[in-house]
Amino acid sequence: MKQSIRSYLIVLFGSLSIAISTNWFLIPSHLIGGGVSGLAMVIGFNFNWNISFLFFLFNIPLMLWGWKVMGLMFMNLSIISIVSTSLFMFLIPIHLSPLKENIDLSIAAIFGGVFAGIGVGLSLRVGGSSGGFDILGAILTHKYDIPIGQLLLALNGVVLLFYGLSTDWTMVMWSIVSEYVAVKVIEYIHIRYMKVTALIVSQNAEQLLTPLLTLHRGITILESKGAYTDSEQKLLMTVTTRYELPFLKRMIQSTDPTAFVNIVETTEVIGSFRKGVAR
């Protein structure tokens with residue numbers, strides 16, 4: 001329960017950071033963010049529509065799809081993030097932006113990217129997401145082993161292209177700078193690789209298998225022996241995605257708090273990524 005409250009508070013803080021990025025740095029300077037928020041901004045700028053409402057509206061089908069595919073346990077933090085971000089964007093006055101009198105695009109891009117990166121990175125770190133394309137990424141990496149990073153990059157490129165066709169391309173280039181800064185901050189807070197390998201040494205391996213298999217990832221069980229304790233143990237090896245990593249860690253901590261876990265970056269997986277238990 002304590003962990004859940006902490007996660008909710010972190011998600012709320014992350015949502016506030018995203019809203020500050022949007023209302024105080026990106027909107028006043030007419031820069032756009034990545035993903036669904038960027039799409040909402042493009043339409044909002046061109047038709048003078050409420051961006052916070054558009055952000056929430058565009059996320060509704062993705063929330064429902066994610067709920068159906070990933071389940072409520074995975075989506076609850078993401079839903080809280082989307083709703084709270086929309087609410088904060090609605091409540092935070094744009095006219096209080098520190099850029100209201102003298103807009104410097106470089107400052108707007110850098111600080112907009114920093115605040116957005118902090119918000120998204122914190123949400124991902126506790127097992128949620130900021131909505132939009134992150135939900136799409138979680139769904140696709142859960143169901144298919146595809147280069148999701150390239151797909152998300154292409155979708156963001158389409159949004160930037162539409163914005164460039166409707167405004168000055170200078171704004172697009174500064175928006176790219178802002179998105180680059182955001183990605184770097186996300187990498188610093190959260191893991192940058194789409195896939196990671198978890199090596200779990202536990203004396204309760206059989207009990208761990210039940211919750212771990214709900215992630216539908218292949219698990220290999222190896223016999224091991226402690227060098228100092230001379231005790232027989234088992235090593236579980238599994239590859240998962242960055243979206244599922246927080247759930248993997250919570251499962252391990254709740255089932256076997258004494259387990260030793262080593263998480264390493266995985267650049268490529270060859271063979272079956274989903275399903276099955278190898279023994």
Side-chain angles (χ1 to χ4, degrees), residues 1-15 66-67 69-81 117-131 134-135 137-143 145 148-149 185-222 224 226 233-269 273-278:
M1 183 64 180
K2 182 179 179 181
Q3 181 66 29
S4 297
I5 294 174
R6 177 177 174 273
S7 297
Y8 293 143
L9 292 175
I10 290 175
V11 167
L12 289 174
F13 181 82
S15 299
W67 191 341
V69 174
M70 307 295 292
L72 182 59
M73 184 185 76
F74 183 90
M75 284 299 300
N76 61 351
L77 290 175
S78 298
I79 292 172
I80 291 172
S81 176
I118 290 172
V120 175
L122 289 176
S123 294
L124 288 173
R125 191 173 180 88
V126 297
S129 75
S130 60
D134 275 333
I135 295 179
I139 293 171
L140 294 179
T141 55
H142 181 76
K143 293 180 67 68
D145 184 18
I148 186 63
V185 175
I186 292 170
E187 288 180 356
Y188 181 78
I189 296 174
H190 189 59
I191 190 163
R192 68 179 182 272
Y193 282 81
M194 286 294 177
K195 295 185 180 70
V196 295
T197 297
L199 303 172
I200 309 160
V201 179
S202 172
Q203 292 181 334
N204 301 304
E206 296 298 331
Q207 291 88 330
L208 271 175
L209 276 178
T210 301
L212 293 182
L213 287 173
T214 61
L215 294 176
H216 302 290
R217 303 302 179 193
I219 302 174
T220 299
I221 302 178
L222 302 172
S224 63
Q233 301 174 106
K234 290 185 178 179
L235 185 148
L236 306 181
M237 182 181 72
T238 184
V239 179
T240 188
T241 70
R242 72 172 192 182
Y243 299 101
E244 295 170 342
L245 181 58
F247 301 96
L248 175 73
K249 292 193 290 186
R250 284 206 290 268
M251 288 174 181
I252 296 170
Q253 289 168 358
S254 61
T255 306
D256 185 5
T258 63
F260 175 81
V261 184
N262 183 24
I263 298 170
V264 296
E265 300 165 345
T266 300
T267 56
E268 184 178 5
V269 175
F273 177 49
R274 288 174 53 79
K275 72 185 178 180
V277 180

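Looking only at side-chain heavy atoms (C-beta outward), T238 and L212 stay at 4.5 Å or farther from each other. When side chains are defined from C-beta on, N76 counts as touching Y8, because their heavy atoms get closer than 4.5 Å. When side chains are defined from C-beta on, L208 does not count as touching K234, because their heavy atoms never get closer than 4.5 Å.
With sequence neighbours left out, S81 forms a side-chain hydrogen bond (donor to acceptor under 3.5 Å, both in side chains) with no residue at all. The side-chain contact (heavy atoms from CB on, under 4.5 Å) search around Y188 returns none, not counting sequence neighbours. L222 meets the side-chain contact (heavy atoms from CB on, under 4.5 Å) test with T220, L235; sequence neighbours excluded. Scanning for side-chain contact (heavy atoms from CB on, under 4.5 Å) contacts around T197 gives L199, M237, V239, V264, T266, with sequence neighbours left out. Scanning for side-chain hydrogen bond (donor to acceptor under 3.5 Å, both in side chains) contacts around S202 gives D256, with sequence neighbours left out.
Rounding to the nearest 0.5 Å places OG of S78 at 8.5 Å from CG of L124. Taken from OG in S123 to CD1 in I118, the straight-line distance is 11.5 Å, to the nearest 0.5 Å. Note that CZ of R217 is 5.5 Å distant from OG1 of T240, once rounded to the nearest 0.5 Å. Atom-to-atom distance recorded for I5:CD1 and I10:CD1 is 12.0 Å, nearest 0.5 angstrom. For the atom pair L122 CG and I189 CD1, the distance stands at 4.5 Å (nearest 0.5 Å). Considering CD1 of I252 and OG1 of T258, their distance stands at 11.5 Å, rounded to 0.5 Å.
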Worksheet item: Do I221 and L209 pass the side-chain contact (heavy atoms from CB on, under 4.5 Å) test, and can you show the C-alpha distance, the side-chain angles, and the key distance before you say yes or no?
Response: CA-CA 10 Å; I221 302 178; L209 276 178; 3.5 Å; yes
Worksheet item: Passes side-chain contact (heavy atoms from CB on, under 4.5 Å), I200 versus F260? Steps please.
Response: CA-CA 6 Å; I200 309 160; F260 175 81; over 6 Å; no
Worksheet entry | Intermediate values then yes/no, side-chain contact (heavy atoms from CB on, under 4.5 Å), T255 and N204 | CA-CA 8 Å; T255 306; N204 301 304; 5.7 Å; no
Practice prompt. May I have the step-by-step check of side-chain contact (heavy atoms from CB on, under 4.5 Å) for M75 and I135, ending in yes or no?
Written response: CA-CA 9 Å; M75 284 299 300; I135 295 179; 3.8 Å; yes
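When all heavy atoms of V185 and G117 are compared, the pair lying nearest together is CG1-C, 3.6 Å. Among all heavy-atom pairs drawn from Q233 and G226, the shortest one is NE2-N, 3.7 Å. Nearest approach of M251 to P211, heavy atoms of both residues: SD-O, 3.3 Å. Taking both residues in full, the closest heavy atoms of G121 and I186 are given as N-CG1, 4.0 Å, listed atom of the first, atom of the second, then distance.
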